[in-house]
Amino acid sequence: MGRYYFDIHDGQHLIRDNVGTECGGPDVIRAEAMTALPAIARDTIPKDGDRQALTVIVRNASNLTVYTATLTFASIWLGEEMPPTSDDLDRAEHSPLLWTP
């Protein structure tokens, strides 16, 4: 069984794991990463944006990266529930494709 370090990268910051976790092989490493990502995402999904990617970078005791996993959050408004902005209204008034019954 070896010690592995599960670093977290959120697109801007790298949080290094200085303690590590004893893992018995590739399946355990993968399971640890898959468990960690959703738990971290609950606190890190952006409250004011539409995109966020979280990556777990797993290092072995020799500091070599042996596994990575990424969880991505992406959202987009598709319906009328999104309130229009003033820019949207300006574009609509000048659009040749705008049809009003």
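Along the sequence shown, residues are numbered consecutively beginning with 1. Below, each value reflects all heavy atoms present in this structure, side chains not excepted, and no hydrogens, waters or symmetry copies.
- Listed here is the closest heavy atom pair of Ala41 and Leu54: CA-CD1, 3.5 Å.
- Taking hydrophobic clusters as Ile, Leu, Val, Met, Phe, Trp and Tyr residues chained together by side-chain heavy-atom distances below 4.5 Å, Leu37 does not share a cluster with Val28.
- Under the 4.5 Å side-chain heavy-atom criterion for ILVMFWY residues, no single connected hydrophobic cluster contains both Ile57 and Tyr4.
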Just list the side-chain donor-acceptor pairs under 3.5 Å for residues 61-75, sequence neighbours left out, or say none.
| residue | atom | partner | partner atom | Å |
| --- | --- | --- | --- | --- |
| Asn63 | OD1 | Arg59 | NH1 | 2.7 |
| Thr70 | OG1 | Thr55 | OG1 | 2.9 |
| Ser75 | OG | Asp50 | OD1 | 3.0 |

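- Residue Cys23 holds its SG atom at 11.0 Å from OH of Tyr5, rounded to the nearest 0.5 Å.
- With contacts defined as side-chain heavy-atom distances shorter than 4.5 Å, the pair Ile15/Asp7 does not qualify.
- Pairs of residues two or more places apart, or lying in two chains, that qualify as side-chain hydrogen bond (donor to acceptor under 3.5 Å, both in side chains) and include a residue from residues 15-28 are Arg3-Glu22.
- Evaluation of the side-chain hydrogen bond (donor to acceptor under 3.5 Å, both in side chains) test over residues 28-38, restricted to residues two or more places apart or in two chains, returns none.
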